[in-house]
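Chain letters run A, B, ... following the sequence lines, proteins first, then strands; residues in each count from 1.
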Amino acid sequence: MAVPRLLRAGKRQLPGPAQPFPSRSPRVTSVFFSPQQPRGSTAPYPYRPRQQPQRPGPASQLSFCKHSKRKLISFSLLLSDVDDKLLTMPLSHPDYFNVKELFSLKDLFDARVHLGHKKGCRHRFMEPYIFGCRLDQDIIDLDQTMEHLQLALNFTAHIAYRRGIILFVSRKRQFCHLVESTARECGEYAHTRYWQGGLLTNAHSHFGTGVRLPDLLIFLSSLNNVFEPHVAIRDAAKMNIPTVGVVDTNCNPCLITYPIPGNDDSPSAMELYCKLFKMTIIRAKDKRKQNEAFEELRSKAEGK
Amino acid sequence: LRLIYTTTTVQRKNIGASGPEKYTEEFIKKQIEEFNLGKRHLANMMGEDPETFTQEDIDRAIAYLFPSGLFDKQARPIMKHPTEIFPEQRKIQWGEDGRPFHFLFYTGKQSYYSLMHETYEKFLNVQNYQDQLLAQDLLPQKEKRNLAGSRWLTKIELEEMLLEKLSDDDYSRFIQLLQKLMTLPCGDMEEKYIQKFSREVPAQLQKVVIEPLKYDERGVAFSTGEGKRKTAKATAVVYDNGTGKITVNGIDVLHYFPVLQDREQLLFPFQFLGRVGKHDMICTVSGGGRSAQAGAIRLASAKALKSFVTEKEVEFMRQAGLLTYDPRVRERKKPGQEGARRKFTWKKR
């Protein structure tokens, strides 16, 4: 801990973040997701704080994975070595589910993901992601979008592999049906209607005791119908739920864990995002089934 | 053991705040078992066969064994199947691992929103089909469908169907979506789906009995009708091939009803059907006052005219209110007031 030094004018230098916010890698700092605090919505299963083995694994993006793993472990009834292996196998390499091959820069360009809003609508915190401005219209930097999209898809794949609950949120009326159909087809959940206050923060009142909250929120449009940030972003942050969100040039990327700078108004862009998320989730679930079958066969062979 | 006297004020917890009572599945199952056992015991008590003991037998047995002098039928002892007594409730919405069953669970109103989702999907399908036909120029012309016989589900019926509370706004949105679906040219594709949400409104005509015409010695067709209004009772005999002469209690109408308003009331049924000078009428009336007698004769003559006229015109008469008994009677005076409604003059001091 740095000893606070007295600066000019009597102000103390406090040990704060080194980079000014927003930074080039604009993820919310991991302080926010401290693994020690249990979530508010746990069912009466035993909470087992297991010590995770230190692995020189992929980047800190998976620190959230560990947290969600701990959370999810508390839901499984009995944890054996086989389950342990199943859950740690995907952490062995950075792109276990190979999400890079699902899309290319050309696909993003063809789906008009790079088109932002006009200069006047620009949000100050989106300036790092904007490539430039042509005839007053902002153009989003697709190289950055590629990186962010890969990280986000990888994260969703890991959550889906660990049988987490994924909730798709969007308040765009034109794409409400598309988002709900996507959610239904991958076996996950959607909320594209009016967000009743306290759905996440006051879940026991709304749904009853013992309800399980979503483990990931995917925002296909992070604004609501009055062009304000969606309440669910703040509520998910309050309830320690990681978020993935498509942020347009007029949105605030602050509280979203894995923002994806991109267009959220064109039908082609939305269809592309839905297709990508659906493919990753289905792929992750199939991989899980495969791994489970494989482990079962192996344990049977060893048992004999 | 000393019994300590406690009052309800000792209970701190607010019982009403936890909402309506929730019944678990095991509880309902236990109730059903107890009901079946009780049914067999009852049959044995009554000396009848337990296998063929129906609900009506149960009702009769209970009424015999537990005679009650209470006026309200619903306050008397009943023994019915638990599904009729306990209201239908939603079961737990998620499985053992905690994952909810329905994909719209986290919205709060899952049945309503899934209904909207389905209806919108059908709407999109119909639109796509229409676009395909339009591309080939095969769009069929929409015939006007008669909607007089059907109505949409009411909000309460929809709530019962979905087992969920709805707001007025939600309900109106759903009905608007259904109407939009129906007005599309190719909307007939989804007729079965739309019919789930519409109910038939049978025209009242089926309950109305129209008597045949009778013929007197001269061969003239006539028909009788009876009418009441307040305390007045009237019978009217309407003859065909007439000149519009009306006789009341043997006296001509102009002398019996000097006031124009009463005579207009008598003429109203004829004027409505356009038969002012074509029928003769002989009526007898007793009781009531001037206006009540006129109203009674009007009802009686309208009922008599039913036999002369087509079914459609009878329905028009019914909708005009000519065939309905006027239920208004004199309201009683209450104590502490000067009349039925008028209060005594209020004095400040």
- Does the pair B:M116 and A:R193 meet the rule for a side chain to side chain contact (heavy atoms under 4.5 Å, CB included), with working shown? CA-CA 11 Å; B:M116 291 292 277; A:R193 309 284 176 165; 4.1 Å; yes
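Surrounding CZ of B:R173 are at most 12 heavy atoms belonging to other residues, nucleotides or ligands under 6.0 Å away. Atom CZ of B:F101 has more than 12 heavy atoms from other residues, nucleotides or ligands within 6.0 Å. In B:Q136, the CD atom is crowded: over 12 heavy atoms of neighbouring residues, nucleotides or ligands sit closer than 6.0 Å. Residue-environment remark: CG (B:L70) exceeds the threshold of 12 foreign heavy atoms within 6.0 Å. Within 6.0 Å of CZ on B:F27 lie more than 12 heavy atoms contributed by other residues, nucleotides or ligands. Open room surrounds OH on A:Y194; 12 or fewer heavy atoms of other groups in view lie less than 6.0 Å from it.
The side-chain hydrogen bond (donor to acceptor under 3.5 Å, both in side chains) check on B:Q93 picks up B:Q110, with sequence neighbours excluded.
Taking OG1 of A:T192 as the reference point, atom CG of B:L104 lies at 7.0 Å (rounded to 0.5 Å). Remark: B:H117 NE2 to A:C176 SG distance equals 8.0 Å, nearest 0.5 Å.
What you find for A:R212 and B:D97 is that their closest heavy atoms are NH1-O, 2.9 Å. Scanning both residues, B:F103 and A:E180, for their nearest heavy atoms gives CE1-O, 3.6 Å. Between B:T107 and A:L199, the shortest heavy-atom contact is O-CD1, 4.3 Å.
In this structure, B:Y106 has its ring center at least 6.0 angstrom away from the ring center of A:H191.
Residues A:I165 and B:R99 have side chains in contact (heavy-atom distance under 4.5 Å, counting atoms from C-beta outward).
Contacts between A:H206 and chain B at a heavy-atom distance below 4.5 Å are absent for every atom of the residue.
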